[in-house]
Amino acid sequence: MIKIKSRLNKIFKKSLKKLIENNELPEILQEKDFVFSSPKMKVHGDLATNFALASAKIARMSPRKLASLLVDNLQDTEQIISDVEIAGPGFINVTLDNYQFLQGMERILLAGKNWGKSSDKNEKINLEFVSANPTGPLHVGHGRGAAVGDALARIMKTAGYDVSCEYYLNDAGNQVDNLALSIWFNYLQICREQGREIPEIEFPQDGYHGEYIKEMATDYFAKKGCEAATNEYDAEELKKFGVAKAVEKIKTTLKKLGVEFDRFYSENELHNQGKIETAIKKLQAKGVLYQQEGALFFKSSEFEDSKDRVVIKSDGSLTYFAADIAYHADKLERGFDKMIDIWGADHHGYIPRIKSSLTAMGYSSERFEALLVQFVSLISKKKKVSMGKRSGNFVELNQLIDEVGADVTRWYFIAKSHDSALDFDLNSALSMDPKENSARYAQYGHARACSILKKVKSKFALVPGKYSPELARELGAAEINLLKFMLELPEVILNSAQSREIHHVAAYLVELSRNFHSYYTTMKDDPILPRKDVLTAKDENKVKARLIWLEAFRTVARNALEVLGLPAPEQMESPKEVQ
RNA sequence: GCGCCUGUAGCUCAGUCGGACAGAGCAGUGGCCUUCUAAGCCAUUGGUCGCAGGUUCGAAUCCUGCCAGGCGUGCCA
């Protein structure tokens with residue numbers, strides 16, 4: 001469709017040029033392009049442009065008059081237009097020759113798995129997401145970030161961007177100290193239960209309570225026995241141990257969800273390689289740091305932030321922000337053109353200070369983009385399931401995946417706009433009914449098409465064959481209408497990538513599936529496959545054409561599912577069997 | 001107080017760069033299985049697009065001001 005639009009633009013521009021040369025229209029119009037979009041209603045043709053409405057003022061004539069001038073001077077040398085109509089206040093509605101769509105079908109079939117891809121954008125993107133602290137398991141909120149990030153990565157890659165997925169591992173800082181202390185506390189407890197006499201210690205102030213801490217302590221005990229308990233508390237060792245355990249758990253959960261990263265970037269590495277120091281020195285050289293009350297401040301308020309921020313605390317330790325300054329600068333130093341961070345909405349106040357730091361260091365803050373993902377509430381029987389992190393009873397992502405399945409979990413996270421709060425309805429997610437569970441509905445279209453293709457092989461020993469114009473002519477209006485929709489996938493993906501709104505692809509998929517189900521049912525009177533076991537020569541071409549068409553549909557449905565990271569099942573599990 | 005996000009049908013949500021009569025699913029009502037998955041489809045009911053102004057040939061969409069909800073506003077990470 002993108003190609004057709006640009007061809008139409010050319011044809012219309014030629015008409016425009018001619019009118020300008022004849023002094024019938026002012027010259028400034030030459031600059032303007034004809035933007036074509038698909039009208040909502042079929043009676044408005046295949047593609048429409050509001051050019052005449054938008055340019056009427058400059059042209060100093062009524063929109064309808066401008067439109068008719070343009071239309072009268074059209075020269076469709078390639079014969080891609082079958083009808084042009086001026087409608088309403090001055091829309092120009094174009095109906096395309098069906099042959100354009102049939103050729104499009106050939107393109108889908110030739111592209112196969114590559115259908116949906118756009119040209120190389122030559123832009124290196126660092127996409128950072130999840131980045132949950134390695135102090136415990138992921139909860140459902142992280143899950144949304146993971147699903148959104150992974151889907152966005154796939155969509156952007158398909159749209160032609162060079163995307164690298166990164167997880168920033170906060171393996172330095174207080175939270176890791178607290179993790180280590182919490183494990184130590186529980187470990188000593190275990191040793192005491194083993195009969196060892198070990199003095200009581202106080203539970204760390206911001207310690208972690210969850211079951212997983214006890215598990216980690218048990219693992220530590222399994223590794224060390226009671227020996228370590230008699231020694232001094234070895235913070236470094238326990239930190240390492242705790243982080244490793246937590247990361248292992250996080251990776252397992254992510255993998256279950258089908259999310260993988262190109263790199264886990266360690267915060268410790270930033271410290272060890274002196275990158276934070278370098279970044280601070282760089283800021284110092286720019287004269288944007290100052291001492292106050294024993295702490296070192298960054299003048300972020302001189303840039304985009306509302307106030308200045310501490311980089312080095314009065315006790316001499318670095319803030320999390322200091323590391324983050326270095327981290328984001330490092331991403332750019334590593335050769336990325338752009339970085340996109342996916343954060344929970346509660347971090348939104350953080351954006352101005354990161355941007356400020358980049359500007360201060362001489363980078364364009366436009367190279368940084370934050371995508372905020374709003375909160376997730378779990379709803380069960382129309383009631384909110386409560387979540388509280390520190391108390392340890394928050395709903396783990398792992399549990400959710402085990403309960404409703406990885407595909408459905410993923411779907412629920414990506415089917416809605418990331419910037420509105422999500423009510424995750426467990427009852428509908430658990431349902432096998434595609435009407436209630438749109439994840440299944442989206443997959444069902446693909447499965448149904450596959451099942452027909454399978455059936456034909458056993459029934460007629462017919463190979464779908466290749467696209468040919470003669471066969472394509474056998475297709476009817478219903479198939480061509482769906483074909484028009486199928487041809488929109490690359491544009492949907494491209495738009496989705498550029499606006500960072502992944503739910504558009506999900507919405508497209510549901511509509512694609514619905515169109516197919518609708519078609520399928522209307523074909524009851526004239527079945528896609530004949531009921532007889534023997535094909536007449538006349539039938540054969542029609543069936544072959546439909547099979548090729550089905551193959552194209554299946555390709556589109558599969559590619560759309562896969563760009564969202566969802567499997568494209570060839571058959572659906574029967575709910576009756578599941579019961 | 002300030003900042004970010006949200007407000008569209010009874011419920012959960014779409015709505016592209018401002019476009020033609022505001023769209024789905026669920027729930028309600030009425031239909032469609034001797035047939036390739038009825039796990040589906042068709043029809044129908046239901047809306048002052050939070051409120052009030054403004055810009056525009058045209059506003060759910062852009063601007064301003066209100067109202068309501070969520071989140072943030074650490075020398076925590």
Side-chain angles (χ1 to χ4, degrees), chain A residues 35 37-41 43-44 48 50 53-54 56-57 62-63 87-91 93 133 135 170 172-176 178 206 267 292-297 306-307 309-315 317-321 323-324 344-352 370 372 374-375 377 379 382 415-423 425 428 431-438 440-441 443-445 447-449 451-456 459 491-492 495-496 499 501 503-504 506-507 510-511 514 516-525 527-531 550 571-576:
Chain A
V35 180
S37 59
S38 309
K40 281 181 203 162
M41 275 173 295
V43 291
H44 294 143
N50 64 351
L53 285 159
K57 215 171 215 178
S62 79
F91 291 101
N93 296 334
N133 284 341
T135 53
N170 299 121
N174 292 338
Q175 83 282 5
V176 180
N178 287 327
D206 290 311
E267 186 187 346
Q292 195 177 51
E293 294 159 14
L296 189 66
F297 280 76
S306 55
K307 59 194 240 187
R309 307 289 172 180
V310 173
V311 178
I312 301 179
K313 300 181 221 169
S314 47
D315 67 2
S317 62
L318 293 162
T319 58
Y320 174 85
F321 177 47
D324 236 3
D346 53 338
H347 283 63
H348 77 261
Y350 212 76
I351 300 170
L372 297 174
Q374 299 291 325
F375 285 164
S377 313
I379 308 287
K382 304 207 168 171
K416 286 180 189 173
S417 166
H418 62 80
D419 59 14
S420 68
L422 175 66
D423 284 340
D425 187 339
S428 91
S431 169
M432 293 298 290
D433 184 353
K435 279 227 180 87
E436 275 185 54
N437 186 329
S438 54
R440 298 192 185 283
Y441 186 89
Q443 291 176 321
Y444 186 36
R448 225 175 189 182
S451 125
I452 300 170
L453 287 166
K454 210 185 284 171
K455 184 103 185 175
V456 71
K459 203 170 172 185
E491 246 179 303
V492 170
N495 280 337
S496 191
S499 64
E501 311 221 276
H503 67 284
H504 290 154
V510 169
E511 203 174 335
R514 185 173 27 250
F516 181 71
H517 290 310
S518 176
Y519 163 77
Y520 177 96
T521 315
T522 59
M523 294 307 277
K524 289 256 146 131
D525 295 330
I528 302 168
L529 300 181
R531 287 174 197 131
L550 268 175
Q571 62 182 56
M572 302 297 283
E573 276 175 65
S574 160
K576 284 157 204 160

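Protein chains get the first letters and strands the later ones, always in sequence-line order, with residue 1 at the start of each.
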For [X], report the nucleic acid contact type (base, sugar-phosphate, nothing); a contact means any heavy atom under 4.0 Å.
{"X": "A:Lys454", "answer": "nothing"}
{"X": "A:Ala56", "answer": "nothing"}
{"X": "A:Asn93", "answer": "base"}
{"X": "A:Ala87", "answer": "base"}
{"X": "A:Gln292", "answer": "base"}
{"X": "A:Phe375", "answer": "sugar-phosphate"}
{"X": "A:Ala370", "answer": "nothing"}

Sticking with atom [atom1], work out how far [N] lies from [M], rounded to a whole angstrom.
{"N": "B:C76", "M": "B:C17", "atom1": "P", "answer": "42 Å"}
{"N": "B:A9", "M": "B:G47", "atom1": "C1'", "answer": "5 Å"}
{"N": "B:U35", "M": "B:A20", "atom1": "P", "answer": "43 Å"}
{"N": "B:U48", "M": "B:G23", "atom1": "P", "answer": "15 Å"}
{"N": "B:U16", "M": "B:G7", "atom1": "P", "answer": "12 Å"}
{"N": "B:G40", "M": "B:G1", "atom1": "P", "answer": "49 Å"}
{"N": "B:U6", "M": "B:G25", "atom1": "P", "answer": "25 Å"}
{"N": "B:C66", "M": "B:U29", "atom1": "C1'", "answer": "41 Å"}

d([atom1], [X]; [atom2], [N]) in whole Å:
{"X": "A:Lys455", "N": "B:U35", "atom1": "NZ", "atom2": "C1'", "result": "9 Å"}
{"X": "A:Asp425", "N": "B:C13", "atom1": "CG", "atom2": "P", "result": "10 Å"}
{"X": "A:Gln571", "N": "B:C36", "atom1": "CD", "atom2": "P", "result": "15 Å"}
{"X": "A:Phe91", "N": "B:C57", "atom1": "CZ", "atom2": "P", "result": "15 Å"}
{"X": "A:His517", "N": "B:C41", "atom1": "NE2", "atom2": "C1'", "result": "10 Å"}
{"X": "A:Asn437", "N": "B:C13", "atom1": "CG", "atom2": "C1'", "result": "15 Å"}
{"X": "A:Leu318", "N": "B:C76", "atom1": "CG", "atom2": "C1'", "result": "15 Å"}
{"X": "A:Ile452", "N": "B:U35", "atom1": "CD1", "atom2": "P", "result": "15 Å"}

Most 5' of A:His504 and A:Asn170 on RNA chain B, judged by nearest nucleotide: A:His504

For A:Ala507 and A:Ser518, take the nucleotide of RNA chain B holding the closest heavy atom to each; which residue's nucleotide lies nearer the 5' end? A:Ala507

Point-to-point distance, once rounded to the nearest 0.5 Å, from [atom1] of [X] to [atom2] of [Y]:
{"X": "A:Arg440", "Y": "A:Ser431", "atom1": "CZ", "atom2": "OG", "answer": "8.0 Å"}
{"X": "A:Asp324", "Y": "A:Asn170", "atom1": "CG", "atom2": "CG", "answer": "7.5 Å"}
{"X": "A:Leu529", "Y": "A:Ile452", "atom1": "CG", "atom2": "CD1", "answer": "6.5 Å"}
{"X": "A:Asp206", "Y": "A:Asn178", "atom1": "CG", "atom2": "CG", "answer": "5.5 Å"}

Selection from [options] that lies nearest to any side-chain heavy atom of [X]:
{"X": "A:Glu293", "options": "B:G40, B:A77, B:C75", "value": "B:C75"}
{"X": "A:Arg514", "options": "B:A77, B:C41, B:C36", "value": "B:C41"}
{"X": "A:Phe297", "options": "B:A77, B:C75, B:C57", "value": "B:C75"}
{"X": "A:Tyr350", "options": "B:G74, B:A77, B:C36", "value": "B:A77"}
{"X": "A:Asn133", "options": "B:A77, B:A14, B:A20", "value": "B:A77"}
{"X": "A:His44", "options": "B:A20, B:A77, B:C75", "value": "B:A20"}
{"X": "A:Arg309", "options": "B:G74, B:C17, B:C41", "value": "B:G74"}

Check this for me: does the side-chain of A:Asp346 come within 3.5 Å of the base of B:G72 through a donor and an acceptor? no

Hey, is B:C33 sitting syn or anti, using the within-90° cutoff around 0? syn

Identify, with sequence neighbours excluded, every residue that meets side chain to side chain donor-acceptor pair (under 3.5 Å) alongside A:Ser417. A:Asp419

[X] (side chain) donor-acceptor with [Y] (main chain) under 3.5 angstrom:
{"X": "A:Ser317", "Y": "A:Lys313", "value": "no"}
{"X": "A:Thr319", "Y": "A:Val311", "value": "yes"}
{"X": "A:Thr521", "Y": "A:His517", "value": "yes"}
{"X": "A:His418", "Y": "A:Glu501", "value": "no"}

What pattern of brackets, bars and dots sums up RNA chain B from 5' to 3', given Watson-Crick or G-U wobble pairs under 3.5 Å, [ ] for crossing pairs and | for another strand? (((((((..((((.....[...)))).(((((.......))))).....(((((..]....))))))))))))....

Answer yes or no: does a side-chain N or O of [X] lie under 4.0 Å from OP1 or OP2 of [N]?
{"X": "A:His503", "N": "B:G15", "answer": "yes"}
{"X": "A:Lys57", "N": "B:C57", "answer": "yes"}
{"X": "A:Lys313", "N": "B:C76", "answer": "yes"}
{"X": "A:Asn174", "N": "B:A77", "answer": "yes"}

May I ask you to test the A:Ile528-A:Leu550 pair for a side-chain heavy-atom distance under 4.5 Å? yes

Please examine the side chains of A:Ile351 and A:Leu372, heavy atoms only from C-beta on, and report whether any two atoms are closer than 4.5 Å. yes

What one should report as the nearest heavy-atom pair of A:Phe321 and A:Arg309 is CE2-CB, 3.7 Å

Taking all non-hydrogen atoms of both residues, which atom of A:Pro63 and which atom of A:Gly90 are closest, and how far apart? CB-CA, 4.3 Å

Protein-proximity profile, nucleotides 2-12 of chain B, B/S/- by nucleotide at the 4.0 Å heavy-atom cutoff, equals -BBSS-----S

